[in-house]
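Here the structure is a predicted model, which means the values were calculated and not measured. In what follows, every heavy atom counts, from backbone to side chain, and hydrogens, waters and symmetry copies are set aside.
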Amino acid sequence: MSVVEQYARAHIVTDAAIPEDETIPVVLRYDPDSDPRSIRVRLPGTHEWTFSRSLLEQGLRAPVGSGEVRVWPCGRVQAVVELHSAQGVSVVQFETKTLMRFLRRTYLATAPVTR
């Protein structure tokens with residue numbers, strides 16, 4: 001099975017000096033050989049969060065949370081991922097279609113091969 005890695009642009013809500021309409025690069029990663037139930041999200045200059053793929057999927061429809069991560073829909077076209085760490089909280093706003101595309105690719109990567 002192959003690793004799925006998708007680069008995305010997102011808005012981050014933070015106290016840092018980032019202009020409001022500027023987007024940041026985010027890496028979404030899924031490695032079915034390492035952990036087929038989890039995905040990873042990496043923001044620039046911070047550590048990587050690992051959490052359940054189903055948490056992300058459920059969070060696109062209704063608010064959910066587990067431990068350091070919370071996900072919820074924000075209007076019709078956006079979703080929010082809230083990531084907690086010892087350094088603080090990062091609130092990241094994605095386009096829902098970006099996250100859905102990533103999830104679709106993860107399921108294709110684990111689809112059984114038919115002969």
4.5 Å side-chain heavy-atom contact, [X] and [Y]:
| X | Y | value |
| --- | --- | --- |
| I12 | L43 | yes |
| V64 | W72 | no |
| L28 | I39 | no |
| P73 | T96 | no |
| S34 | R29 | no |
| V71 | L99 | no |

- Other hydrophobic cluster members with V27, side-chain heavy atoms of Ile/Leu/Val/Met/Phe/Trp/Tyr under 4.5 Å, chained? Y7
- Only one of I24, T23, T98 forms a side-chain contact (heavy atoms from CB on, under 4.5 Å) with R9, so which one is it? T23
Minimal non-hydrogen separation, [X] against [Y], with atom names:
| X | Y | result |
| --- | --- | --- |
| E95 | K97 | OE1-CE, 2.9 Å |
| Q93 | Q78 | NE2-OE1, 2.7 Å |
| A8 | F94 | CB-CE2, 4.3 Å |
| P25 | P44 | O-CD, 3.1 Å |

Rounded to the nearest 0.5 Å, how far apart are [atom1] of [X] and [atom2] of [Y]?
| X | Y | atom1 | atom2 | answer |
| --- | --- | --- | --- | --- |
| S85 | E68 | OG | CD | 7.0 Å |
| L55 | L60 | CG | CG | 9.5 Å |
| E5 | R42 | CD | CZ | 6.0 Å |

- Item | Evaluation steps, side-chain contact (heavy atoms from CB on, under 4.5 Å), between V41 and L56 | CA-CA 11 Å; V41 174; L56 179 60; over 6 Å; no
- Message: Taking H84's backbone N and O only, do any of them form a donor-acceptor pair with W49's side chain (distance below 3.5 Å, no angle check)?
- Response: yes
